[in-house]
Amino acid sequence: MVIVVLGASWYFLSALNSASTNADLARRQLSSKALAEAKQALLGYAAAQAATDDNNPGRLPCPEAPGYATNADPDDDGVAQGGTCTLPAVGRLPWRTLGLAKLTDGYGEPLWYVVSPGFASSAGLSINSNSLAQLTVDGTSAAAVALIIAPGAAMNVQAASGCTARVQQRNFPTTFDLRDYLECENATSPADAVFASTGPSTSFNDQVVKITHEELFNVVEPVVAKRIETEIAPVLKTVYAGSDWSTTTTNPVFPYAVTFADPTTSPTSLFQGAQGNNFGLLPMYAAAGDSSFVYWYTSGGWKPDVS
């Protein structure tokens, strides 16, 4: 009888452990699905913004506005912070701004979101393909321009390397603290630019998905190229087309390129084409009387454009 009871107990406990493991796996799979959907929505948002007259193609939204999660108005839930946000910014995913249903992980928790300095609306924002990602993930610098995080179940976080001990209390909406949802490096308050996708099992259960610089610009650059093709190239074909230049819009002449300089620090006067320079920035400025903006040779000799 003792052997039978022990055997039955072992079988029962094994079945419970197996069921628990399978349930955890199913929850993580649900979280992975929600994270993938959120990632595609963020990339789609960046592409859609780039297709408009946005002066910073590649711009990502700020997280949900602080206080909106606990606001009594349900229409505020999931709305990105308007205007500018202090970066790096950590908050809940702005699902409503992204045009999504409210995404939750396998534990029913809304997803969280991190955006790198230089990639959301902030003072002095200027984005181009050379803009560096500024989020460090798992010790690798410049690893991501954004992160989406499934917080998982509340846990008793144990002190460990990079982890501050905390018993997570999720008394939403009475209290709302990122440290009750995210763990370890992800829960630094105020936020810094260092994050993690792994950690001790007793201290960490966040599921983290990255958006890299390459992934972002793989969707943004083709959109910008299309805008150049449809908005800028046709205008360039008409600037120096006419009898003065012995050209037409079907056989145009183009201004010389600007020698490359940092567009965020260069004065307007530097954005003039340099004679003989065939590669660089688009010329945007010509000073009156400046004959170096562009030259074109006709039967009457070299013609400078000083208009």
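N55 CG: 12 or fewer foreign heavy atoms inside a 6.0 Å radius. Heavy atoms of other residues, nucleotides or ligands lying less than 6.0 angstrom from NZ of K237 number 12 at most. More than 12 heavy atoms of other residues, nucleotides or ligands sit less than 6.0 Å from atom CD of E231.
At least one donor-acceptor pair closer than 3.5 Å links the side chain of R170 to the backbone N or O of D180. Between the side chain of D138 and the backbone N or O of S197 there is at least one donor-acceptor pair closer than 3.5 Å.
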Go through it in stages, so that I can follow the logic: the residues are W95 and L103, the test is side chain to side chain contact (heavy atoms under 4.5 Å, CB included), and I'd like the CA-CA distance, side-chain angles, deciding distance and then a yes or no. CA-CA 7 Å; W95 55 270; L103 295 178; 5.5 Å; no
Any chance you could lay out the side chain to side chain contact (heavy atoms under 4.5 Å, CB included) test for V220 and I127, step after step, and finish with the verdict? CA-CA 11 Å; V220 169; I127 302 175; over 6 Å; no
I would like to know whether L87 and F119 meet side chain to side chain contact (heavy atoms under 4.5 Å, CB included); could you show each step before the answer? CA-CA 9 Å; L87 302 174; F119 286 89; over 6 Å; no
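Annotation: side chain of D105 is in contact with side chain of L111 (closest heavy-atom distance under 4.5 Å). In this structure, Y45 and R59 have side chains that are in contact, with non-hydrogen atoms separated by less than 4.5 Å. Contact check for L93 versus L42: side-chain heavy atoms found under the 4.5 Å cut-off.
Across all non-hydrogen atoms, the minimal contact from S131 to S126 is OG-O, 3.7 Å. Nearest approach of A191 to V90, heavy atoms of both residues: CB-CG2, 3.6 Å. Looking at every heavy atom in both residues, K102 comes nearest to P110 through CE-CG, 3.9 Å. Looking at every heavy atom in both residues, S31 comes nearest to Q207 through CB-OE1, 3.2 Å. Taking each heavy atom of S116 and L135 in turn, the nearest pair found is CB-CG, 3.6 Å.
Between D177 and R166, at least one side-chain nitrogen of the basic residue sits less than 4.0 Å from a carboxylate oxygen of the acidic one, meeting the salt-bridge criterion.
A tilted orientation is assigned to the rings of Y181 and W112, their planes being inclined by 30° to 60°.
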